[in-house]
Amino acid sequence: MFSKSMTDASNRDLYYVVSAITNEEINKNWLRSEKYYQKQKPKQVYYLSMEFLIGRLLESNLLNSGMWEVCNKTLTKLGFEPARVYKEEHDPGLGNGGLGRLAACFLDSMATMQYPGHGYGIRYRYGMFEQRFINGYQTELPDYWLKDPYPWETRKPEEAFEIEFGGKVHMLKRDDGTLEFKYEDTDKVLAMPYDVPVVGYQNKVVNTLRLWSAEPVMTGEEKQHDESQYYQQLEHHHSIEQISGILYPDDSSEEGKRLRIKQQYFLVAASLRKIINDYKANVRQSLLHLPEKVVIQINDTHPSLAIPELMRILMDEEGFSWEKSWEITTKVFAYTNHTILSEALEKWPIAMIQSLVPRLYMIIDEINERFCQSIWLDHPALRDNIHEMAVIADGQIHMARLAIVGSFSVNGVAKLHTQILKTQEMKNFYTLYPSKFNNKTNGITHRRWLLMTNPRLATLISDTIGPRWVHRPRELTHLLRYAKDRPLLDKLDQIKQENKKELAHYIHQTTGIKVDEQSIFDVQIKRLHEYKRQLLNIFHVIYLYNELKENPHLDITPRTFIFGAKAAPSYYFAKEVIKLINTVASIVNYDPDVKHKLKVVFLENYNVSLAEKIIPAADLSEQISTAGKEASGTGNMKMMMNGALTIGTLDGANIEIKNLVGDPNIFIFGLRSEEVFEYYQNGEYKANEFYQNDERITQILHQLRDGHFGHQGAEFKDIYYHILSTNDPYFILKDFEAYVETQQLVDQAYRTKGKWLSKSLVNIAHSGKFSSDRTIQEYATGIWKINQYKT
Ligand SMILES: *Cc1c(COP(=O)(O)O)cnc(C)c1O
């Protein structure tokens, strides 16, 4: 490939060479899989998502293609360090966090379980920003991940579509009295597909992740002779390219932005075109039968414009009546809800939708009219609630309501979350459509998150219970027989120790901090958000620091607090918390009174690749969200699977983890979600009382107020004022005591190594339930009604 001799080749060269070899193998199977779909015409699922956080692909593609070990050996033999070669790949940050990573795990599981399922997303030119700390503050650098060729994508210009935005809609009456809708003066954008293979685990199945890129539409003239036109319209072209220009780096909040709506419509319009074209080419039946062959899962409300877009296609292009179109549409879509945080529920101003997608607005308006009327007429008990249920209310379009009305399935992502949807957030809709609601507890692919990232542990497991767990992760429970087997537990210990040593090395290299490899690796890695309560964690650190300053001989088990988190660039409070953690780190790590017992490490640029380094080394997994706020969490599952014990609230999937491993094998603390809701309702929580009455809290808050941390004096006053003036809506002060006490239990438990290891093994043994293979199995049989296929 590079006309170089092996001795002159760089790691980068080898990365491209190995990728090319892997692609050769993949492409054979990709073609076969596509032919199979074309011939057998199975019902297929399309997973629409604004985010796919796929991580680096070379190693996982090698693993899934069955070539990983031989490649490792060969590279080593040739004098290369495999890890260095793999590290050359730029980790594509096409997502924010959990939601995008879930989509990636689902693709892996669908291909592995031989389900005909594909992803559709956007090929953002700039993915998630790269985070750097300057002076302890987060700064954001653009992530131009396509700077070097990306070997996993194939551009498919022959499958590009024109997408239309804006313009005017004219209604014409046809001779038979039906209406025809004509669009004028629209802006046209070319949706260019780039396909990425999704490789099943050693089964020769390759599905597709199709990522759309926005390009200017070249007119015939532009193409043929006058290229100068292109430059005259540079500005215009630039605005078109912006549609797939950036990933919105914001998780858990929604801002009314025209570009975001354009991105959503772009994804939806291009994907539906492709889905319908394929249906027509392969199935060759009336679109009346579409729901027999196509199911579309919409990942949160972001792609929910697909519902009116399919209505538009069926009516305006295919000539179906409203009633027929609605019947088809509502049998095709299934919606996954990911959050009940009100700031994250998408609502778009009418005027924005009207100007960007005028015909879709007309359709949404009609959906709303008919929906409200049907409640009025058929569900008089809900009449008083129409305002809270209407798709259009208060000048805004409520996307979650549109998604519920237009789908046949609405699912939450963990038992508690689904329960909250049914009984609180979407209570009225649940009354109206009880059978639509269902739960699908999230999962993670154990191939990437255990086999690939923790090969030592994976090997130990296979040596102990045989290799069947790789295909049937639930069989990890066979490990339970060894929960008291000292030789095995010692091996488990040794592996954790080696992983910690590697992470310690990385920490030293990247931050200069030397950590105690014997200390508890206490890990909180996730997006930075108030509800996730990184602040509670750092308050605990400050508390320990204060205790040790008071009494340097205090007997505590040495700990290394490890953080990884990006804050949305506009999220001021979250960025203050980052600065606080970095500041506490800079004090604690160099204070001779405490530095041998406490270390605080905030690793820059948390992403999938960094998660893969940290998770195998975690002893303690921090899952401390305010109960009721974290829909599921998946970081909790990754760390459990790698032998970390969880300290957490009864929130999201933590509850399901607790129910599996049992109370002695998890550290649960804090308010329960019912209590949180009760406080919200009765307003009886008084943060001030905790500030006044708990000396530990008083001290910490005063240290923040008085500039005890931070050289610029008033650095953290804002945190102090924010907590007290908002009455601590995330109950950090309320849960502080329980958290500290539970951390003391962790400290004690870690001292009895054998017992700790036994708990660790029990966690690994029960983690198979959280393989995304199980989740996908549930989606396939419960929602999608699709079949596995035999190759
Ligand atoms: C798993 C994962 C997440 C989700 O973590 P939670 O703790 O569930 O919020 C976010 N980002 C990355 C990079 C991940 O791998």
Side-chain angles (χ1 to χ4, degrees), residues 49 51-57 60 90-109 127-131 143 145 247 249-252 299-300 338-339 341 344 413-414 416-417 441-450 452-454 522-534 536-537 562-568 574 603-616 618 620-626 629-642 644 646-649 651-657 767 770-772 775:
S49 178
E51 305 187 12
F52 285 93
L53 200 49
I54 55 181
R56 290 182 181 136
L57 290 185
S60 68
H90 194 117
D91 181 347
L94 306 183
N96 272 286
L99 172 146
R101 183 54 231 175
L102 183 77
C105 285
F106 280 6
L107 294 181
D108 183 89
S109 284
M128 191 65 207
F129 65 81
E130 187 187 328
Q131 179 194 53
D143 166 53
W145 68 289
L247 166 79
D250 211 335
D251 178 73
S252 319
N299 197 19
D300 213 311
H338 283 271
T339 178
L341 296 182
V413 291
L416 174 70
H417 171 59
T441 298
N442 282 167
I444 55 166
T445 167
H446 61 285
R447 289 167 288 279
R448 177 177 289 262
W449 294 108
L450 175 51
M452 189 185 104
T453 58
N454 200 344
D522 178 331
V523 174
Q524 188 171 21
I525 44 174
K526 48 185 73 252
R527 283 304 289 263
L528 212 138
H529 203 286
E530 284 167 277
Y531 85 80
K532 292 177 182 279
R533 300 202 294 191
Q534 280 92 354
L536 178 59
N537 187 341
I562 298 167
F563 291 88
K566 286 175 183 171
L603 291 170
E604 279 176 333
N605 201 37
Y606 179 57
N607 60 10
V608 172
S609 300
L610 185 56
E612 289 167 4
K613 286 198 188 72
I614 298 172
I615 289 169
L620 187 66
S621 161
E622 297 270 356
Q623 308 299 336
I624 60 177
S625 53
T626 312
K629 300 283 184 195
E630 186 75 270
S632 164
T634 50
N636 46 4
M637 303 167 184
K638 296 171 198 163
M639 284 196 266
M640 170 198 197
M641 194 174 271
N642 283 273
T646 300
I647 180 166
T649 49
D651 200 12
N654 298 350
I655 298 172
E656 290 162 67
I657 294 177
S767 68
F770 299 108
S771 167
S772 44
T775 315

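Values below: all heavy atoms of this structure, side chains included; hydrogens, waters and symmetry mates excluded. Keep in mind that this is a model prediction, so the values were computed, not measured. First listed ligand is number 1; within each ligand, the first listed atom is number 1.
Residue contacts with ligand 1 leave out Met637, since none of its heavy atoms falls under 4.0 Å from the ligand.
Put simply, CZ on Arg533 and OG1 on Thr626 are 4.0 Å apart, with the number rounded to the nearest 0.5 Å. Note: Trp449 CH2 to Ser60 OG = 10.5 Å, rounded to the nearest 0.5 Å.
Classification of Asp108 and Arg447 as a salt-bridged pair holds, one side-chain N sitting under 4.0 Å from a carboxylate O. At a threshold of 4.0 Å, the pair Glu622-Lys526 does not count as salt-bridged, since none of the basic side-chain nitrogens sits closer than that to a carboxylate oxygen.
In terms of N/O distances under 3.5 Å, ligand 1 is approached by Lys532. Of the polar atoms of Asn96, none of the N or O atoms is found under 3.5 Å from an N or O of ligand 1, judged by distance alone.
Near Val608, the atoms of ligand 1 lying under 4.0 angstrom from a non-hydrogen atom of the residue are 13 (C). Each of the following atoms of ligand 1 lies closer than 4.0 Å to a heavy atom of Gly633: 8 (O). Numbered from 1 in the order shown, with element, the atoms of ligand 1 that lie under 4.0 Å from a heavy atom of Asn607 read 13 (C). The Trp449 neighbourhood of ligand 1 comprises atoms 15 (O), with distances under 4.0 Å to a heavy atom of that residue. Heavy-atom proximity to Gly97, at under 4.0 Å, picks out these atoms of ligand 1: 10 (C), 11 (N). Which parts of ligand 1 touch Lys638 is read off a 4.0 Å heavy-atom cut-off, strictly below it: atoms 1 (C), 2 (C), 3 (C), 14 (C), 15 (O).
Between the side chains of Asp651 and Ser625, at least one donor N or O sits under 3.5 Å from an acceptor N or O. Between the side chains of Asn96 and Lys566, no donor N or O sits under 3.5 Å from an acceptor N or O.
The shortest contact between atom 7 (O) of ligand 1 and any protein heavy atom is with Lys526 NZ, 2.7 Å. Among protein heavy atoms, the minimum distance from atom 8 (O) of ligand 1 is reached at Thr634 N, 2.7 Å. The nearest heavy-atom contact from the protein to atom 11 (N) of ligand 1 is Tyr606 CE2, 3.5 Å.
With a heavy-atom cut-off of 4.0 Å, Ile525 touches ligand 1 through its backbone alone.
Counting heavy atoms from C-beta on, the side chains of Glu630 and Gln623 never come closer than 4.5 Å. Residues Ile562 and Leu603 form a side-chain contact, since some pair of their non-hydrogen atoms from C-beta on lies under 4.5 Å apart. With a 4.5 Å cut-off on side-chain heavy atoms, Leu94 and Glu51 do not count as touching.
Summarising the contacts of atom 6 (P) of ligand 1 with Gly95, Gly635, Gly652, the nearest heavy atom is found in Gly635.
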